[in-house]
Amino acid sequence: IPAALIGAVCALAVRLSSSGPVLFRQERIGRDGVPFEVLKFRTMLDGPNPIFPDASRITPVGRILRRFSLDELPQLWNVARGEMSVIGPRPTLAYQVERYDDHQRRRLEVRPGLTGLAQVNGRNALTWAERIDYDVRYVEERSLRLDLSILARTARALLGGEGVEGHP
């Protein structure tokens, strides 16, 4: 119920602040390489989605949603549908998966998650290789204890805001 209330406020803010759909939908790759449509609140001006995000297209409301990762709330629907988990590697784009080597492909052994080991160890401030290494480490070491640790550290990462911006 709290997530639904926060989500309703976010949806209203997106709707009132810029034209276009409230939700952003994009194909991502999930467990075992199966594609699915990920949902997010739209944080950029409506239009074609560039591969590399252009910061000048982020709306003022979008900056706030991204800062606190509230744009990710609709992914709870992906979790409910069984396409994602709460904890796991973040879902990636098909062109990224096409470039995986055997080691990197291990991250597809589990459902993608809302948060994961890479998110609590630097988020977007990490290089792509570092994120993949954290994701594979999660696959190899996953346990209830690790999941609970990631959940606790996620709250701190969200409130601290470190690593939200930037894609090295």
Side-chain angles (χ1 to χ4, degrees), residues 23-44 47-58 62-63 65-168:
L23 293 178
F24 170 74
R25 301 164 186 267
Q26 186 177 55
E27 184 177 278
R28 298 289 178 100
I29 304 301
R31 184 177 185 179
D32 299 325
V34 176
F36 71 100
E37 186 177 70
V38 74
L39 304 172
K40 294 184 175 191
F41 286 120
R42 184 177 51 80
T43 60
M44 299 177 89
N49 184 44
I51 290 177
F52 298 104
D54 177 0
S56 69
R57 295 185 61 230
I58 300 173
R63 285 190 205 299
L65 295 179
R66 285 180 176 208
R67 165 61 179 78
F68 295 102
S69 296
L70 293 170
D71 60 321
E72 311 283 346
L73 268 178
Q75 290 173 32
L76 289 171
W77 184 247
N78 292 113
V79 172
R81 292 192 311 205
E83 299 159 333
M84 289 180 66
S85 180
V86 174
I87 311 290
R90 291 293 298 148
T92 54
L93 298 163
Y95 85 89
Q96 294 166 324
V97 173
E98 290 169 4
R99 297 177 180 178
Y100 284 175
D101 60 28
D102 289 339
H103 172 74
Q104 295 167 332
R105 192 166 295 284
R106 298 238 18 234
R107 71 189 307 272
L108 300 176
E109 293 176 16
V110 297
R111 283 190 193 117
L114 297 173
T115 186
L117 205 49
Q119 285 65 46
V120 299
N121 282 293
R123 295 168 87 174
N124 292 336
L126 299 173
T127 66
W128 181 249
E130 289 169 325
R131 280 187 261 171
I132 294 282
D133 286 343
Y134 276 118
D135 291 342
V136 172
R137 183 172 145 204
Y138 173 79
V139 170
E140 292 171 346
E141 299 176 9
R142 66 186 185 263
S143 66
L144 178 59
R145 183 179 185 160
L146 180 58
D147 284 358
L148 292 174
S149 169
I150 290 170
L151 275 178
R153 292 174 62 195
T154 295
R156 273 184 287 183
L158 289 175
L159 294 174
E162 291 144 22
V164 172
E165 296 296 329
H167 289 275

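These numbers come from the heavy atoms of this one structure, side chains and all, not from hydrogens, waters or symmetry mates. For clarity, every value in this text was computed on a predicted model and none was experimentally measured.
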[X] vs [Y] side-chain heavy atoms within contact, under 4.5 Å:
{"X": "R142", "Y": "V110", "value": "yes"}
{"X": "R111", "Y": "M84", "value": "no"}
{"X": "Y100", "Y": "R107", "value": "yes"}
{"X": "D135", "Y": "V139", "value": "no"}
{"X": "E27", "Y": "F36", "value": "no"}
{"X": "R25", "Y": "V38", "value": "no"}
{"X": "R90", "Y": "Q119", "value": "yes"}
{"X": "S149", "Y": "R145", "value": "no"}

Reported [atom1]-to-[atom2] distance for the pair [X] and [Y], which is rounded to 0.5 angstrom:
{"X": "F24", "Y": "E37", "atom1": "CZ", "atom2": "CD", "value": "9.5 Å"}
{"X": "L114", "Y": "N78", "atom1": "CG", "atom2": "CG", "value": "8.0 Å"}
{"X": "L158", "Y": "F68", "atom1": "CG", "atom2": "CZ", "value": "9.0 Å"}
{"X": "L39", "Y": "L76", "atom1": "CG", "atom2": "CG", "value": "10.5 Å"}
{"X": "L126", "Y": "N121", "atom1": "CG", "atom2": "CG", "value": "7.0 Å"}
{"X": "S143", "Y": "L148", "atom1": "OG", "atom2": "CG", "value": "8.5 Å"}

query = Any idea which heavy atoms bring V120 and I150 closest together, and the distance?
reply = CG1-O, 3.6 Å
query = Which atom names give the shortest non-hydrogen contact between D71 and P74, and what distance separates them?
reply = O-CD, 3.3 Å
query = So S69 and E72, side chain to side chain donor-acceptor pair (under 3.5 Å) or not? Walk me through it.
reply = CA-CA 6 Å; S69 296; E72 311 283 346; 5.5 Å; no
message = Checking L23 against K40 for the side-chain contact (heavy atoms from CB on, under 4.5 Å) test, could you report, in this order, the C-alpha distance in whole Å, the side-chain angles of both residues, the deciding distance, and whether it holds?
response = CA-CA 6 Å; L23 293 178; K40 294 184 175 191; over 6 Å; no
inquiry  = Do D133 and Y138 pair up side chain to side chain, a donor and an acceptor below 3.5 Å, judged on atom types alone?
reply    = no
key: Step-by-step side-chain contact (heavy atoms from CB on, under 4.5 Å) determination, V97 to L108   = CA-CA 9 Å; V97 173; L108 300 176; 3.8 Å; yes
Distance-only, no hydrogens or angles: does the [X] side chain make a donor-acceptor pair with backbone N or O of [Y] under 3.5 Å?
{"X": "D101", "Y": "H103", "answer": "yes"}
{"X": "R81", "Y": "E83", "answer": "no"}
{"X": "E130", "Y": "T127", "answer": "yes"}

message = For Q26 and L93: C-alpha separation, side-chain torsions, deciding distance, then whether side-chain contact (heavy atoms from CB on, under 4.5 Å) applies.
response = CA-CA 9 Å; Q26 186 177 55; L93 298 163; 3.5 Å; yes
query = What do the steps show when you test R28 against T92 for side-chain contact (heavy atoms from CB on, under 4.5 Å), and what is the final call?
reply = CA-CA 5 Å; R28 298 289 178 100; T92 54; 5.8 Å; no
query = Of Q104, R105, Q96, R106, which meets side chain to side chain contact (heavy atoms under 4.5 Å, CB included) against I132?
reply = Q104
